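Structure, as structure tokens:
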2 protein chains.
Amino acid sequence: MIQTEQLLQTLQTEFDQSTYGDHPDELYEPIRYIMSLSGKRFRPLLTLLSASLYSEHWEHAVKPAMAVEVFHNFTLMHDDIMDKAPLRRGKATVHEKWNENTAILSGDVMLIKAYDLLLDIPKDLLRPVLARFNQTAAEVCEGQQLDMNFETRWDVTEEEYLEMIRLKTSVLLGFALELGGILSGADKTSTQLLYDAGENMGIGFQLKDDLLDVYGDPEKFGKQVGGDIISNKKTFLLIEALSKADAATRLELEKWIELKKFENQVKVKAVTEIYEKLDIRTFTQQKINDYFARGIDCLEKLPIADERKQVLLQFVHQLVEREK
Amino acid sequence: MIQTEQLLQTLQTEFDQSTYGDHPDELYEPIRYIMSLSGKRFRPLLTLLSASLYSEHWEHAVKPAMAVEVFHNFTLMHDDIMDKAPLRRGKATVHEKWNENTAILSGDVMLIKAYDLLLDIPKDLLRPVLARFNQTAAEVCEGQQLDMNFETRWDVTEEEYLEMIRLKTSVLLGFALELGGILSGADKTSTQLLYDAGENMGIGFQLKDDLLDVYGDPEKFGKQVGGDIISNKKTFLLIEALSKADAATRLELEKWIELKKFENQVKVKAVTEIYEKLDIRTFTQQKINDYFARGIDCLEKLPIADERKQVLLQFVHQLVEREK
């Protein structure tokens, strides 16, 4: 049976060999740069793992899987401009290293190159796959717009937040799994289960991001623990805390949010204590478990032999247990 | 025979009925806004005129023709951010009316919607058309990057300038014509001739833009005559003047370029006089005539009855003679 490492190795070789274009260099160099910032590549890996469920021949899914990763990195390049983010995976973002115009235009070409990679799909599948890709891509933009809208609102509900991360993050994970299934000839019931698995796990994955930012092990997390608290980022934890707090606790939380001058560690400690008091950690962990369980349930329902699912399920369990 | 007005009317009705998406409104409203700023729609019109050369049934080309126009407007939305342009067709640009983030993200969705409109293409043609569209779209971005690179250079050659406008403007006109041919079943020789016609006319068209900015009739031009001179825009005229001038004239021209404080009319008059002295107007007009002649020559070579070409040729002659 195919192993995750072999698929990752194939993807890495393909990405290393991609130039995306050559002239003018100012346009294509930022693409090679962002694609080289060792991301986890788990979106294209999901596509290949899902293609492997139905066929020994996962190679035909490599280029389309790469399209998902190139698209994902296009959204990162443009989101980083919008969020004025200085760093991405510990390195300067494209708009910082070059400038905003470069990040806009190189991002645009990346989206076009993602579509170009999808042209590797057989004729009979091209239109249905592109229709789903277009829908997914538009939804990711809708999620980013909602995220920006939320920045100036303090009454975002749990339901709104979950819908935002569903669009911004989860639909692409759903599509990544669905794509592998479609390319390997899975039936409609299976591709829907694959999509649902990815969508649910994507929400669990994003909530885990929110949780790790507060409760991650500083040795393993790789980023500053408490970064979201320091910057008042509207995470699931903060939204839940604001909604569950009694009047006095809410006032205290708002005091920390509005405070302009503070010591980072003091604020992180104080807000974390409020989360503890309101049992936000347990509540969030329960939500994460629920979404992952729903996702795994979808995979278990797939009408194929259990032993074929082992590699994918193993990988999913790694995602569930990740500590960074 | 189908008339240009009828095609334009059909396009206008289709554009008026397009919402592009609905939620969140912040994402889709800017698309409806830019699409409503009465552009000339001559790119999709070229597609429909070219489809009409080979078939009475041009209706099947409407959605793909709209894709070309949506793509074109996507490039305008992003180019306006990069150029910090406050106005587009006399109205506030999207990044001015909303903000830069909105213009980036709405533009991204527009590009996705352009691809969605292309899905209307029959299965057998979808992949070859998308391959050509991807190539064209990437070239347009390459042209914009070259244009930005040129801003800080004073040694841009005629050859480099023509290559830049070929990529930034002409390849899309070429594709617009080629697309109509492909969709109506034209053979490879014909679609190549259609592309070449559009590419040549596109260069003529852009050079005419440069010429009209200096020599347009203020009553008809609709923009401030001399705007390019005032802003030192690197047009064909300026590049030719810099290359043809003797040492003394070049010094005088550079003096005007470097001058920080000046009266607009005085600078426009002085630089125009330098152009006159160097015969730049005649030289540019000759180039424009050459490119249009080459384009029309391609259309005349199309292996179809002359009377079928009349409507397209008539429209092309309007483009040649336009005064704004």
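In what follows, chains carry the letters A, B, and so on, assigned in the order in which the sequence lines appear, proteins first and then strands, with residues in each chain numbered from 1. Fair warning: this is a prediction, and the values are worked out from it, not measured in the lab.
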Worksheet item: Picking from Asp116(B), Asp124(B), Val109(B), Leu105(B), which has the most non-hydrogen pairs under 4.5 angstrom with chain A?
Response: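 Of the candidates given, the most pairs with chain A belong to Leu105(B).
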
Fill in: Minimum heavy-atom distance between Ile104(B) and Ile81(A), given as atom pair plus value
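It is CD1-CG2, 3.9 Å.
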
Worksheet item: Using a distance-only test with no angle check, is there a side-chain donor-acceptor pair under 3.5 angstrom linking Asp80(A) and His95(A)?
Response: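 No, His95(A) and Asp80(A) have no side-chain donor paired with an acceptor closer than 3.5 Å.
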
Practice prompt. Let me see the working for Tyr161(A) and Glu240(A) under side chain to side chain contact (heavy atoms under 4.5 Å, CB included), right down to the final yes or no.
Written response: CA-CA 10 Å; Tyr161(A) 183 77; Glu240(A) 288 303 323; over 6 Å; no

Fill in: Proximity breakdown for Leu118(B) and chain A, heavy-atom pairs closer than 4.5 Å
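Leu118(B) has no heavy atom closer than 4.5 Å to chain A.
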
Worksheet item: Thinking salt bridges, do Asp25(A) and Arg32(A) make one under a 4.0 Å N-O criterion?
Response: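 Yes, this pair counts.
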
Discussion item. Under 6.0 Å from the ring centre and within 45 degrees of the ring axis: does the NZ or CZ of Lys97(A) meet both conditions for the six-membered ring of Tyr33(A)?
Written reply: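 Verdict for Tyr33(A): a cation-pi partner in Lys97(A).
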
Fill in: Part of residues 126-160 of chain A lying next to chain B, heavy-atom separation under 4.5 Å
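Leu126(A), Arg127(A), Leu130(A), Ala131(A), Asn134(A), Ala137(A), Ala138(A), Cys141(A), Glu142(A), Gln144(A), Gln145(A), Leu146(A), Met148(A), Asn149(A) fall under the 4.5 Å cut-off.
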
Worksheet item: Can you say whether Leu111(A) sits under 4.5 Å from chain B via the side chain, the backbone, both, or neither, judging by heavy atoms?
Response: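 Just its side chain gets close to chain B.
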
Fill in: Nearest-0.5 Å distance that lies between atom NZ in Lys113(B) and atom OG in Ser106(B)
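Those atoms lie 11.5 Å apart.
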
Worksheet entry | Thr93(B) and Trp98(B), any side-chain heavy atoms less than 4.5 Å apart |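 Result no, sub-4.5 Å side-chain heavy-atom pair not found.
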
